[in-house]
Student: 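Mind having a look at this structure? Questions to follow.
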Amino acid sequence: MTAPIRRVLVANRGEIALRIVRACHEEGLEAVAVYSDVDRLAPHVRAADTAAPLGGAAASESYLRGDRLIEAALAEGCQAVHPGYGFLAERADFARAVEAAGLTFVGPPWQAIAAMGEKTEARRRMREAGVPVVPGSFHPLATAADASDAAEAVGYPVLLKAAAGGGGRGMRVVGRPAEIGGAFEAAASEAAKAFGDGSVYLERYVERPRHIEVQVLADASGTVVAIGERECSIQRRHQKLIEEAPSPAVDPELRHQLAEAACAAARAVGYQNAGTVEFLLAADGSFYFLEMNTRIQVEHPVTELVYGVDLVRMQLRLANGANLEPMELLEPRGHAIECRITAEDVASGFLPVTGRIAYLHQPAGPGIRWDGGLEAGSDVTLHYDSLIGKLIVWAESRPLAIQRMRRALRELVVAGVPTSQPFHLRVMDEPTFARGDLDITYVERVGARLVEAPPSDEHVRAAAVAAALLADERRSHPFGIGTTSDGRARSGWAAAAREEALRR
């Protein structure tokens, strides 16, 4: 039995690390941040009770060093490690090492992570548990000939997928027999590079499905509850861009069916803590298990706003031994939408960019939430993902939520790097989005008008205001903390370091 949790090591960075720090403080726990060389003065570090260095800027030298994370947790007197999402959050070997060190892993048992992390194993378990799965193979395919045989058995088109990972890597759609050999080799090669494992399996390709996911919570006694579903169909290259809750395609009966399937999936692997079961929803209303994310999701805020549950605090409570009360499926209250604001050049195919955020103005007002990990002066580097922050809104209905998101996006100002903000504005103005006519091909189907249209007048005005404010600051403080002697914006690290020196 591990010790009661009083102090938590937050084994992540950026907005999710800051989110966990805040949840720890609200739960009456101390939070210990970790940081790479370039994150020493990041918002999540400053918000924590104390912080521990990890090493170099590259993730492989810092946030992916499980040994250093565990050493830091023990040295700082922590009883638990919260992995957030990404990095080591779904590494069964890391969760096992945390437990072996006598610490509590704020997440599921390592055995559950391992079971759901290997996709063919997960498919076999789901089939045994009575959860609908897409027809296809239930073991990795050894050769292109095996892939051809499996494709003939389920019928074209088919989808080749990496067995050891997700996110669109190691994935190929195959429309006819002549393409299967080359697609198999390409998928296996990409999977090996991305995950260190070239195993692939095959499924029937579901035409234009929706991506629906169900949030679940589970305790150590075996109680599993479903909190509700999220619509995550607006994606590019299988990377989510916009999420909402509830789904405009899910009625109460279907919501109940999805919830039952999600709970059965969690029970099948002895799941504990918070997790997300993802499904493909076909046009005829049938749905199929896709995968289970054994961690907190990037898009968890939309569920929190609609269902009134603080999921990160629930993670901490469940890790500390709390039990869930069996309950009926919650009814959604209103509607929430989340837009991921990333440092990307949308017109160049969502190409990630680097640079310094010169000015950041967050929207405010009723029903608006900003979950961000960067600020004015922060550098967007090539070492980590391009997420600047998540803009989330809640309103009494979906049409009102779209209106509120449109207003919030127009208020948001990020100067210094191109962002995905114009893309999100165009989606909010798109009639097919307003109708809820969504599927995972939405961005490709709607096409160029989402990514090539000029920015709106409001966005141009906002950028002009930001530029004017920045220029005025530089005129007022030509050699102050905000700029260097040649007028360039000083980094957040340098500004804070100079302030610290002046205080001494």
Side-chain angles (χ1 to χ4, degrees), residues 156-161 166-169 171-176 179 183 186 190 205-213 230-244 247-249 278 280-284 290 298-299 302 337-353 385-388 390-391 393 398-399 401-403 405-410 412 414 417-460 462-463:
Y156 287 91
V158 297
L159 186 64
L160 290 167
K161 302 175 72 174
R169 290 169 292 184
M171 185 179 293
R172 294 292 186 279
V173 178
V174 185
R176 51 198 180 90
E179 300 169 352
E190 188 174 66
Y205 181 64
V206 182
E207 299 280 356
R208 288 181 52 178
R210 289 177 180 263
H211 185 130
I212 305 293
E213 58 187 35
R230 297 184 285 257
E231 172 85 53
C232 304
S233 296
I234 298 187
Q235 312 174 1
R236 189 174 188 280
R237 293 194 295 265
H238 304 284
Q239 298 295 320
K240 300 168 189 173
L241 303 172
I242 298 173
E243 302 94 1
E244 56 185 306
S247 167
E278 302 194 346
L280 295 178
L281 176 62
D284 63 1
L290 179 61
V298 179
E299 56 274 17
V302 294
I337 301 174
E338 175 180 296
C339 291
R340 301 190 187 190
I341 306 300
T342 53
E344 293 178 321
D345 183 349
V346 175
S348 298
F350 291 83
L351 182 70
V353 298
D385 66 53
S386 60
L387 183 67
I388 294 173
K390 304 178 311 196
L391 180 58
V393 305
R398 188 171 186 269
I402 293 172
Q403 292 176 3
M405 178 59 81
R406 185 183 295 115
R407 189 266 293 176
L409 285 165
R410 287 170 175 166
L412 175 68
V414 182
V417 292
T419 75
S420 58
Q421 178 186 9
F423 164 82
H424 293 297
L425 267 170
R426 293 167 197 145
V427 173
M428 295 304 120
D429 289 334
E430 178 60 39
T432 52
F433 178 77
R435 293 196 301 269
D437 181 14
L438 311 177
D439 61 70
I440 62 172
T441 70
Y442 174 85
V443 174
E444 293 79 9
R445 183 161 50 88
V446 175
R449 62 181 177 272
L450 290 179
V451 297
E452 295 179 359
S456 67
D457 291 342
E458 290 82 359
H459 185 62
V460 172

Student: Flag the pair Ile388 / Val417 as yes when at least one side-chain heavy-atom distance between them is below 4.5 Å, and no otherwise.
Tutor: yes

Student: Side-chain contact, heavy-atom cut-off 4.5 Å: Arg340 with Glu338?
Tutor: yes

Student: Can you list the residues that meet the ring pair (Phe, Tyr, Trp, His ring centres under 6.0 Å) rule with Phe423, with sequence neighbours excluded?
Tutor: Phe350

Student: What distance separates Gln239 CD from Ile234 CD1, expressed to the nearest 0.5 Å?
Tutor: 15.0 Å

Student: Tell me, with the steps shown, if Ile440 and Arg208 meet side-chain contact (heavy atoms from CB on, under 4.5 Å).
Tutor: CA-CA 6 Å; Ile440 62 172; Arg208 288 181 52 178; over 6 Å; no

Student: Check side-chain hydrogen bond (donor to acceptor under 3.5 Å, both in side chains) between Glu278 and all other residues, then give those that pass, not counting sequence neighbours.
Tutor: His211, Lys240, Gln297

Student: Do you know the tightest heavy-atom contact between Asp385 and Leu387?
Tutor: OD1-N, 3.0 Å

Student: Quick check: closest heavy atoms across Ser386 and Pro352, and the distance to 0.1 Å?
Tutor: CB-CB, 4.4 Å

Student: Roughly how far apart are His238 NE2 and Met171 CE, rounded to 0.5 Å?
Tutor: 4.5 Å

Student: Check whether any side-chain N or O of Arg169 sits under 3.5 Å from a backbone N or O of Lys161 as a donor-acceptor pair, and report yes or no.
Tutor: no

Student: Could you check whether any side-chain N or O of Ser420 sits under 3.5 Å from a backbone N or O of Ala343, counting only pairs where one atom can act as donor and the other as acceptor?
Tutor: no

Student: What I want to find out is whether Arg236 reaches Glu444 closely enough, with some N-O distance under 4.0 Å, to be called a salt bridge.
Tutor: no

Student: Shortest non-hydrogen contact from Val298 to Lys390?
Tutor: O-NZ, 2.6 Å

Student: To the closest 0.5 Å, what do you measure between CG (Leu409) and CG (Leu425)?
Tutor: 4.5 Å

Student: Indicate yes or no: at least one non-hydrogen side-chain atom of Gln421 is less than 4.5 angstrom from one of Leu412.
Tutor: yes

Student: With Asp439 as reference, evaluate Arg445, Gln235, Arg210 under the side-chain hydrogen bond (donor to acceptor under 3.5 Å, both in side chains) test and give the passing residue.
Tutor: Arg445

Student: Report the distance from atom CD of Glu244 to atom OG of Ser233, rounding to the nearest 0.5 Å.
Tutor: 8.5 Å

Student: Minimum heavy-atom separation for Pro248 and Glu231, please, with both atom names.
Tutor: CD-OE1, 3.7 Å

Student: Could you tell me the separation between the CD1 atom of Ile212 and the CG atom of Leu281, rounded to the nearest 0.5 Å?
Tutor: 5.5 Å

Student: Taking Cys232's backbone N and O only, do any of them form a donor-acceptor pair with Glu299's side chain (distance below 3.5 Å, no angle check)?
Tutor: no

Student: Could you go through the salt bridge (Lys or Arg N to Asp or Glu O under 4.0 Å) check for Glu213 and Arg230 one step at a time?
Tutor: CA-CA 5 Å; Glu213 58 187 35; Arg230 297 184 285 257; 2.7 Å; yes

Student: Taking the cut-offs as 6.0 angstrom to the six-membered ring centre and 45 degrees off its axis, would you call Arg435 and Tyr442 a cation-pi pair?
Tutor: no

Student: Restricting to non-hydrogen atoms, name the atom on Val393 and the atom on Ala401 that form the minimum distance, rounded to 0.1 Å.
Tutor: CG2-O, 3.5 Å

Student: Return the CZ to CD1 distance between Arg407 and Ile402, rounded to the nearest 0.5 Å.
Tutor: 15.0 Å

Student: Using every non-hydrogen atom in the two residues, find where Glu344 and Val353 come nearest and quote the distance to one decimal.
Tutor: N-CG2, 4.0 Å

Student: Is it true that a side-chain atom of Glu179 and a backbone atom of Gly175 form a donor plus acceptor pair closer than 3.5 Å?
Tutor: yes

